[in-house]
Structures are given as C-alpha cells and as structure tokens.
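What follows is one structure encoded as structure tokens, with my remarks underneath.
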Amino acid sequence: MTEPHPSADSFFNMVATISGAFVQATAADVDEVINSALAAIGRFYQADRCYLFKFSADLTTASNSHEWCAPGVSPQLEQLQQLPSAAFGDWYRQWTAGLPSILCDINSLPHDSAEYQLLAPQGIQSLLMLPLKSRDRLLGMFGLDIVRGLQQWSAEQIAGLQLIAGNICSALIRQQIEQQAESLAFYDPVTGLANRQLMLDRILQAQLQSSRSQHYEALLFIDIDDFKTLNDSLGYNTGDRVLKLVGQSLQAVLPSGDTVGRLNADEFLILTEMLSPQRAAAVQEVTDLAAALQAAVAQNVALTQLRPKNTLSIGATLFLGDQLDTDVLITQADMAMHQVKAVGNGLAFFDAEMQLQASRRLLLAHELREAIVNDQFELYFQPQLVHPGVVTGAEALLRWRHPTRGILGPYEFIDFAEESGLILPIGELVLRKACQQLALWQRQAGTSRLELSVNISARQFQQPDFTALVIEILQQSGVDATSLKLELTESMLVDNFEQVVAKMQQLRALGIRFALDDFGTGYSSLVYLKRLPLYQLKIDRGFVDELVQDDNQQAIVRTIIMLGQTLGLEVLAEGVETEAQLKSLLQLGCYHYQGYYFARPLPHSEFEHFLRQHHAGLGY
C-alpha cells in the first residue's frame, strides 16, 4: 500500500491554480478547464483515472462525462453511460448527504455488493469519489481511481479535492444557466428545434456562402395539414406531442448541414444548402427532399398512432446569393406553401407572379401602418330600418381614405389585415370611432335613440384583454352601451365556445347587445344559440340575393325567421336591393332590414342627411 507524499506547497499551489482557472472560466470554457483539471489532479496523485460523472435531472441515472487516463490505462468513458443510480450502492446515499466515498482496498467490500460489482470489471483497487453538490441539488460526482496498486487518502488531500469539487460544481451550474439562456433565446421550447431568431441567422450565413460558391440554397416552409382540428379534438398536450414527432421526422431525413426550425404553431422552416449551381437541378433536389420529408412524416409509427393520416403542405423558394432580405425569403416560401394548402400534402415553388404578390403585400403592410398613424380610416354608415321604413340605427363600415387611390372598401385590405395581425389596431380604432360617434348622437334629441352596430373580428374578440379594452373605450367615450351592438360571425363559435360565452356575458352585463352576422353560412347549432346572450340574427345577403326566384332560399330564410322568433331574437336581413326582395321578406315575417334598396353605406354627413329625410321615425 502506497501513499504519495507531495510537498504541502506543491499541493496547495495545484489547488490554487485549478481553483483560479475555474473562477475565470466562461461557460464555453468549462469543459476544457475540467479536462485540464482532471489531468493535473491525476498526475499529481499518481492516479490511473480521474473523471467526472453527471446525474440526470431526476437523479435516476449517471453518465461519465469527462475522463483522464494515465498512459497504458484503458478508458471507461464510453462504457459508463446511463448507469442507474442503484449501481453505486450506498455511495449514492453518501453523495446525496454531501459525503465523500473513500475506498483504500476493493477487497474490503462484500463481493455481492453493488459497489464491488461496479468496480471489479474495471480493475479498480482504490478510489476516492466526492459529490458535486449545490445546496440540496446533486449534480454529479468527481473521482480518482487506482488500478495498479492500493492507496490511502489523507484528510488534507480530501479537503483540497473537496475545494476543487466545489469549483467544478459552481462552473457546471454557471454553464447550465448560460446553456438554458441560450436555449430559450435560440431554440423552440416545445420541439427543441431552432427558433425564428436562429433560423434568420442561419439563412443569413447561407446567403453569404451561396454568394461565394454560386450554388443554390432553398427555404422550405412547412405546414402540418389539419393540425388545428387535431388540437381542438385531442387537446394541446397531444398537439405538442405531434409537433415533437414531426420535428424529429423532418430532422431525421435532412442532409448533413441543413437546418430545421419551428416558426410558430404548426409551421416549420427548413434551410437546405449547397444545392446544384444549375437551377433546374436544384429544383429537382428540393422536390426529392420534399418527397422524403412527406414520406418520413406519413410513415412515422408514433404519429400514426395519434392520428392515422399525417401530411404536409410545403412551399419552397430558391435563392442564389444575398440579394433578398431573409424575411422576404420566408414570405416567399410561405406564399408558395399557401398555393397547396387548400388541397394539402403538396409542394409548390415561388414564382414571378408570387413575387409580385409578395411585393404588394409588403407595400400594403407599410401603407396600413401609415394609415393607422395618420388616421386615414373613417366610418361609413349603412342605415338599418324596421317596417314600414323607420330608421332604427346603422351598421358602421370601415373605409380607407388612401392618399393616392382614394376611398377603398374593406375588400381591398381586411383579409390581409387579418392575416398580418394589423386587424387588432384597426379594430380598436373602429370601435373607438364608433363609440365616439354614438355618444355624439346620444346627446342630440333627434338621434338619441339610434343603435350602432360594429363588426368584431375573431382575432379581436379572442384577445385576452378585449373585455377590458371595451370597458376602457366605453368609459372614455361616455357612451350609453345599450345602444351599441357588436356583430360576431358564426365561425367564432367553433373555437373555445365556453370562453366566447363567458366574454359575451361579461359585455352583455354592461348593456352591450350582440348580433350574429351572416347567419346560416357557418357552424351554429340550436344548442349554441340557446346559450349565447344574443339580441339579433342577421340573415346573410347570399340568401336574400336569390330569395324571389329560388324556393329553397325562401325555405331557408323562413326557417331562420322562425328560429329567431322561437328564441326571442330580432331577425334582420342584409343585402336587400330590390322592392321584390323586401316584399318577400315581409311576407315571410322579417321586418328589419338593410341594403342598397334603402341606402348604400354613407359618409357621416350624408348619413345624417338621410336621417333628416326619415325624421318621422327618429323624433325630429
């Protein structure tokens, strides 16, 4: 049995040097500093191995992460992975208590013990192992093995190594914190794939590489078909599981060096690099890759167990060099994807026409933001009447006074506003203007009883702070909320019905009334209607258009009117354009209406002129 007797000075110099290296190490340097420390300690103690184990987060397993071996000694790092904690026997309990494990002679252990069974195959005779513990958290273990003799350990030696263990522990914690921060900054928390920020950086690097190599690169924008239905039917936990499995499937078939990331929801982005310098050949390479991606997802057994059919819609754009901004490339691939989204499970490439559309969309987004800032939006008002022609109120309709194109109707920009999220500030602006105008009318004797209807988009209504926003607008404008009608569409009822009902009830308690717009074209059921605090059903103009000529349309309108009467709801027909349509509606029992037969949507001054012409019903 031997015991090394290095001088005290050399011992403390070694400890001080190693400790200083750990204190100065950045997170990126920690692994290198650990390896250097293990080598210095192993040589100083004339050990055969010096190593570090890390425990899993749940402490069920431990793996050898760093190892130094003396010349001629076999390394064990690859073999000592994912060892169950029970394999360390009583030593594991000692480490959780913060105590070292000291063994001077393996033969002092019972041969049937877990400790002996672990050491004997490695030829270990003596060892010293110290826990890497921070407060109540066990991170790992740091140790030395002697395989070519026996060794005793002095109290001074153990104390010095415990100091080093503490430094290692602090460095590991610092490294974990920085890695977690980096993960949050650059990786998607659900799938572990690159996030948008990291993908933008990779695309930028790929553009620079493409400029040098003159090889095509490509972006693939991927959408999981019918993912929303899966989320709604099976829940978000299952949805997250599907996202992980799809991400793994995509990653498994990507060529080395390519990158897959998750942008949001069920949308993924793939950057594939160093394609052919010939455009036609590069297109074929992307086509082949898309087919491989679709096959990988379709054939993933774990995915098919969650739902039988799993398909992808893929849009692709090729680029050579760095002529386009990264956001533009993503937009191109996104637009290409939408070319196949309607049918699903396909691939489309961005082309010249789509480039023109992309340019228009970018310009429209800029102009809409300018319109919000410069107050270019204004309200028009379409009268709503009750038989025999008495004006009860109006529907507020948005118009954009474009600086060069004149007055634009919502069909020119509303769909894009919905897609881009600009509908939120625009919708708030509309509601504020409507309440301000209604408050002015309420202060005038001739218009004090007018009702005003405002369309609310699904995206607006789903905002968590929508109710608070409405309350703030009501208070600021001083409007009597009982004259305000919010028009919702049937499609809103599909998602989070209970939340929709709760929000409507909160607003109804303030006096606000609700109309269900475009009724008969969506998803409503009698059960839904009975639970909603509705005031009015609006018959969609599509049924009114063919009302006179089509018996089926008459039957549908009659049913809607009877349903409204049964539920105690007012029924209003939209899009009344002829006297014949009006007579048919009156015969069917619908006495509230609006449409071009009475008036088009009118600017404020013309609407008030219209009111003066119909003063009999307004108290002028």
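Taking all atoms of both residues into account, the shortest heavy-atom contact from Cys50 to Phe142 is SG-CE1, 3.7 Å. Heavy atoms only, all atoms of each residue included: Ser108 and Asp105 are closest at OG-O, 2.7 Å. Of all heavy-atom pairs spanning Gln339 and Ala348, the tightest one is CB-CB, 3.9 Å. Across all their heavy atoms, Leu200 and Ile330 have their closest contact at CD2-CD1, 3.7 Å. Nearest heavy atom pair, residue Cys69 against residue Arg49, reads SG-CG, 3.9 Å. When all heavy atoms of Lys244 and Val190 are compared, the pair lying nearest together is CE-O, 3.1 Å.
Put simply, the side chain of Glu472 reaches to within 4.5 Å of the side chain of Leu469, judged on heavy atoms. Side-chain contact check for Leu132 versus Leu138: every heavy-atom pair is 4.5 Å or farther apart. Taking the side chain as every heavy atom from C-beta outward, Asn35 and Trp68 never approach each other to under 4.5 Å. Counting heavy atoms from C-beta on, the side chains of Phe268 and Leu220 never come closer than 4.5 Å. Asn64 is listed as a side-chain neighbour of Glu67, based on a closest heavy-atom distance under 4.5 Å. Under the 4.5 Å side-chain criterion, counting only non-hydrogen atoms from C-beta, Leu127 is not in contact with Leu144. Between Ile224 and Leu243 there is a side-chain heavy-atom pair separated by less than 4.5 Å. Between Leu172 and Lys54, some side-chain heavy-atom pair lies under the 4.5 Å cut-off.
Between atom OG1 of residue Thr61 and atom CZ of residue Phe53 there is a gap of 11.0 Å, rounded to the nearest 0.5 Å. To the nearest 0.5 angstrom, Leu139 atom CG is 13.0 Å from Met141 atom CE. Distance check, rounded to the nearest 0.5 Å: OG of Ser457 to CG of Leu424 gives 6.5 Å. Between atom CG of residue Leu52 and atom NE2 of residue His66 there is a gap of 6.5 Å, rounded to the nearest 0.5 Å. Between the CD1 atom in Ile270 and the CD1 atom in Ile314 there is a gap of 7.0 Å [rounded to 0.5 Å]. The structure places CG of Asn195 at 11.5 Å from CG of Leu269, a figure rounded to the nearest 0.5 Å.
When the salt bridge (charged side-chain N to carboxylate O under 4.0 Å, His left out) test is applied to Asp327, the partners found at least two apart in sequence or on another chain are Arg196. Remark: Gln76 engages no residue in a side chain to side chain donor-acceptor pair (under 3.5 Å) (not counting sequence neighbours). Among residues two or more places apart in sequence or in another chain, the ring-ring contact (aromatic ring centres under 6.0 Å, His included) test is passed with Trp95 by Phe88. For Glu428, the salt bridge (charged side-chain N to carboxylate O under 4.0 Å, His left out) criterion is met by Arg432, not counting sequence neighbours. When the salt bridge (charged side-chain N to carboxylate O under 4.0 Å, His left out) test is applied to Arg148, the partners found at least two apart in sequence or on another chain are Asp48. Asp266 pairs by the side chain to side chain donor-acceptor pair (under 3.5 Å) definition with nothing, not counting sequence neighbours. Residues meeting the side chain to side chain contact (heavy atoms under 4.5 Å, CB included) test with Ser126, sequence neighbours left out: Ile146, Leu150, Gln151. Shown here are the side chain to side chain donor-acceptor pair (under 3.5 Å) partners of Tyr51, two or more places apart in sequence or in another chain: Asp145. Ser276 pairs by the side chain to side chain donor-acceptor pair (under 3.5 Å) definition with nothing, not counting sequence neighbours. Not counting sequence neighbours, the partners of Asp223 by the salt bridge (charged side-chain N to carboxylate O under 4.0 Å, His left out) test are Lys341. Checked against side chain to side chain contact (heavy atoms under 4.5 Å, CB included), Ala206 has the following partners two or more places apart in sequence or in another chain: Glu217, Leu271, Glu273, Phe319.
Screening Asp226, Asn345, Asp225 for a side chain to side chain donor-acceptor pair (under 3.5 Å) involving Thr311 leaves a single residue, Asp225.
Heavy-atom neighbours of Arg459 CZ from other residues, nucleotides or ligands within 6.0 Å: above the threshold of 12. Crowding of Glu78 atom CD: a count of heavy atoms from other residues, nucleotides or ligands under 6.0 Å not exceeding 12.
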Hey, mind stepping through Ile102 and Ile158 against side chain to side chain contact (heavy atoms under 4.5 Å, CB included) and telling me if it holds?
CA-CA 9 Å; Ile102 304 169; Ile158 295 171; 3.4 Å; yes

From CA spacing to verdict: side chain to side chain contact (heavy atoms under 4.5 Å, CB included), Leu128, Leu161
CA-CA 10 Å; Leu128 170 63; Leu161 291 173; 3.4 Å; yes

Met129/Gln94 under side chain to side chain contact (heavy atoms under 4.5 Å, CB included): CA gap, chis, key distance, verdict
CA-CA 10 Å; Met129 293 184 292; Gln94 292 174 1; over 6 Å; no

Please walk me through it: do Leu275 and Thr272 pass side chain to side chain contact (heavy atoms under 4.5 Å, CB included)?
CA-CA 8 Å; Leu275 301 173; Thr272 181; 4.0 Å; yes

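Counting only distance, with no hydrogens or angles, the side chain of Thr60 and the backbone of Ser56 share no donor-acceptor pair below 3.5 Å. Between the Asp188 side chain and the Thr191 main chain, a donor and an acceptor come within less than 3.5 Å of each other. No donor-acceptor pair closer than 3.5 Å links the side chain of Ser113 to the backbone N or O of Leu109. A side-chain donor-acceptor contact under 3.5 Å links Gln122 to the backbone of Leu118. In terms of modelled atom types and a separation under 3.5 Å, the side chain of Ser63 and the main chain of Ser65 share no donor-acceptor contact. Under the 3.5 Å distance criterion, the side-chain polar atoms of Thr317 are left unmatched by any main-chain donor or acceptor of Leu329. Checked by atom type and distance alone, the side chain of Arg262 pairs as donor or acceptor with a backbone atom of Ala265 at under 3.5 Å.
In the model, Asp334 has no side-chain atom that pairs as donor or acceptor with a side-chain atom of Thr331 under 3.5 Å.
For the pair Lys503 and Phe461, the cation-pi criterion (under 6.0 Å, within 45° of the ring axis) is fulfilled.
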Distance-only criterion, 3.5 Å: show the donor-acceptor pairs between side-chain atoms of residues 286-300 and protein atoms not counting sequence neighbours.
{"residue": "Thr287", "atom": "OG1", "partner": "Val283", "partner atom": "O", "Å": "2.8"}
{"residue": "Asp288", "atom": "OD1", "partner": "Gln284", "partner atom": "NE2", "Å": "2.9"}
{"residue": "Gln294", "atom": "NE2", "partner": "Leu312", "partner atom": "O", "Å": "3.3"}
{"residue": "Gln294", "atom": "NE2", "partner": "Gly346", "partner atom": "O", "Å": "3.4"}
{"residue": "Asn300", "atom": "OD1", "partner": "Ala302", "partner atom": "N", "Å": "3.0"}
{"residue": "Asn300", "atom": "OD1", "partner": "Leu303", "partner atom": "N", "Å": "3.1"}
{"residue": "Asn300", "atom": "ND2", "partner": "Ser249", "partner atom": "OG", "Å": "2.7"}

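Taking the six-membered ring where the residue is Trp, the centroids of Phe55 and Tyr92 are separated by under 6.0 Å.
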